[in-house]
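Working notes for the structure below.
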Amino acid sequence: MKEKGFSKDFIMVVIGQIISLFGNAALRFALPLYLLNQTGSSALYGTVTACAFLPSIAMSPIGGIVADRVNKRNIMVALDFFDSCGCWRTCGLP
């Protein structure tokens with residue numbers, strides 16, 4: 001009898017998502033701290049930290065509707081692409 005388990009492709013996708021989410025969390029943590037260090041403004045620190053969560057709050061209802069109607073793989077690829085573009089822009093890279 002064949003033992004049921006996760007496929008290699010699935011494991012690779014999960015590992016990729018874990019790395020991506022870790023990078024996003026590190027950026028959300030480090031950017032406000034960098035601004036606090038550079039400016040000394042706690043108001044700017046709080047504003048940047050709050051703004052980091054606004055897209056998630058605003059887009060969650062729409063994302064749920066889209067996720068029900070579109071291929072999940074395509075959604076994941078597109079969002080990771082746009083996320084990496086945002087990280088490149090944040091780092092000041094072309």
Find out whether I15 and I11 are in side-chain contact, i.e. whether some heavy atom of one side chain is under 4.5 Å from a heavy atom of the other. yes
As an exercise, state the distance from CD of Q38 to CG of L33, rounded to the nearest 0.5 Å. 12.0 Å
Looking at K8, I'd like to know if its NZ atom is crowded, meaning that more than 12 non-hydrogen atoms belonging to other residues, nucleotides or ligands lie closer than 6.0 Å. no
With rounding to the nearest 0.5 Å, note down the distance linking OG1 in T39 to CG in L44. 4.5 Å
same_hphob_cluster(V14, I19) at 4.5 Å side-chain heavy-atom cutoff: yes
Could you measure the distance from the OG atom of S84 to the CZ atom of R89? Nearest 0.5 Å is fine. 12.0 Å
Where do S41 and L36 come nearest, in terms of heavy atoms and distance? O-CD1, 3.7 Å
Heavy-atom closest pair (V66 atom, I75 atom, distance to 0.1 Å) is O-CD1, 3.9 Å
pair D80-Q17: side-chain heavy atoms closer than 4.5 Å: yes
What pairs meet the ring-ring contact (aromatic ring centres under 6.0 Å, His included) rule with one or both residues in residues 6-26, with sequence neighbours excluded? F6-F10
Nearest 0.5 Å, please: how far is CG in L54 from CE in M59? 12.5 Å
hydrophobic_cluster_shared for F29 and Y34, side chain cutoff 4.5 Å: no
Could you state whether I62 and V70 fall into the same hydrophobic cluster, counting links through intermediate Ile, Leu, Val, Met, Phe, Trp or Tyr residues with side-chain heavy atoms under 4.5 angstrom apart? yes
Within-4.5 Å side-chain heavy-atom neighbours: R73 and V13: no
Measure from the side-chain N and O atoms of S60 to the backbone N and O of S56, and report whether any donor-acceptor pair falls under 3.5 Å. yes
